[in-house]
Amino acid sequence: MSDTRTSGRVAEIELQLLVEAIYLKYHYDFREYAGASIKRRLTTAMERFGCKTLSQLQDRVLHEPAMFPALLEFLTVQVSEMFRDPSYFLSIREQVVPLLRTYPSLKFWVAGCSAGEEVYSLAILLHEEGLLERSLIYATDINAHALQRAEAGVYDIERIAGFTANHQRSGARSSLSEYYTAAYGRAIFDKSFRKHIVFSDHSLATDSVFAEVQFVSCRNVLIYFNRELQDRAIGLFHEALCHKGFLGLGAKESLRFSSYAERFDELSRVDKLYQKRGPA
């Protein structure tokens, strides 16, 4: 066997040992994440922490208390923005909101909420459509630091121009500036939104359903999972959704190859909006 193949095999073993060690000690399960994605993230982490091998990184993760929270920032990094893919939110306004109006109360689940951009986008949309007062949004993630940032609702002012453009293209009924206060280079979003949002730690890899909801939004998360973990997550969403509830996925994701594909109707192929089918 060539040296290249041998080193590659050793790296695979180190990767398996590291994610297993993380699961056993910290109860975070990355064992079913897509291999290529987690390798890229760990390679970046190794460079950042000055580790030549994954075994060195594992040693530090197991023996240095501050290392795992720092590593988690690399393993769960997600780049998002408010009203990302504006047509997605426009489709919600046009196809989903009219049906949501028929419910006396509403519950939403934003799974993998990262730093909260998706959560506040949904809250603003619901406010503009007159639904926020009867709504509760569950915002979940496995990264405690990301949840803290999301709950704070504070973003760099340089990002606001992009957020504003997206908001307008999403079918906005107001100006985004109505929902934040600018100070010291930051934009602080209206704290009144937070009485309608519950921020909570939740893992799609290990945790179960915690509430019945009318809408699940999980965008740009499943692409980091392997097929088995994707199916587990979609199974959770299907279980959480009420009769005829709605599911929104990211632009690069689809139910097409999922074992749950036949349990949803496709509302928008472009915007990846689905509706749970009723019993046969």
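The structure presented is a predicted model; accordingly, all values stated were derived computationally and were not measured.
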Worksheet item: Between Arg169 and Phe83, is NZ or CZ placed under 6.0 angstrom from the six-membered ring centre and within 45° of the ring axis?
Response: no
Worksheet item: Can you find a pair of side-chain heavy atoms, one from Phe193 and one from Leu132, that are under 4.5 Å apart?
Response: yes
Practice prompt. Check Val221 against Ala111 and note the closest heavy-atom contact, atom names and distance.
Written response: CG2-O, 3.9 Å
Discussion item. Please verify the inter-ring angle class for Phe189 with Tyr155; under 30° counts as parallel, over 60° as perpendicular, anything in between as tilted.
Written reply: perpendicular
Worksheet item: Using a distance-only test with no angle check, is there a side-chain donor-acceptor pair under 3.5 angstrom linking His63 and Gln58?
Response: no
Worksheet entry | Salt-bridge present (Arg269, Glu266; N to O < 4.0 Å) | yes
Worksheet item: Any donor-acceptor pair under 3.5 Å linking the side chain of Lys272 with the backbone of Gly248?
Response: no
Discussion item. Any donor-acceptor pair under 3.5 Å linking the side-chain atoms of Thr206 with those of Asp29?
Written reply: no
Worksheet item: So does Glu151 pair up with Arg194, basic N to acidic O under 4.0 Å?
Response: no
Fill in: Among Leu18, Ile22, Leu42, the one residue meeting side chain to side chain contact (heavy atoms under 4.5 Å, CB included) with Phe30
Ile22
Worksheet item: Any side-chain heavy atom of Arg159 within less than 4.5 Å of one from Met82?
Response: no
Discussion item. Would Arg232 pass as a cation-pi partner of Phe225, given that its NZ or CZ must be under 6.0 Å from the six-membered ring centre and within 45 degrees of the axis?
Written reply: no
Worksheet item: Taking 4.0 angstrom as the limit, do Arg219 and Glu253 come out as a salt bridge?
Response: no
Fill in: Carboxylate-amine/guanidinium contact Glu73 Arg149, below 4.0 Å
yes
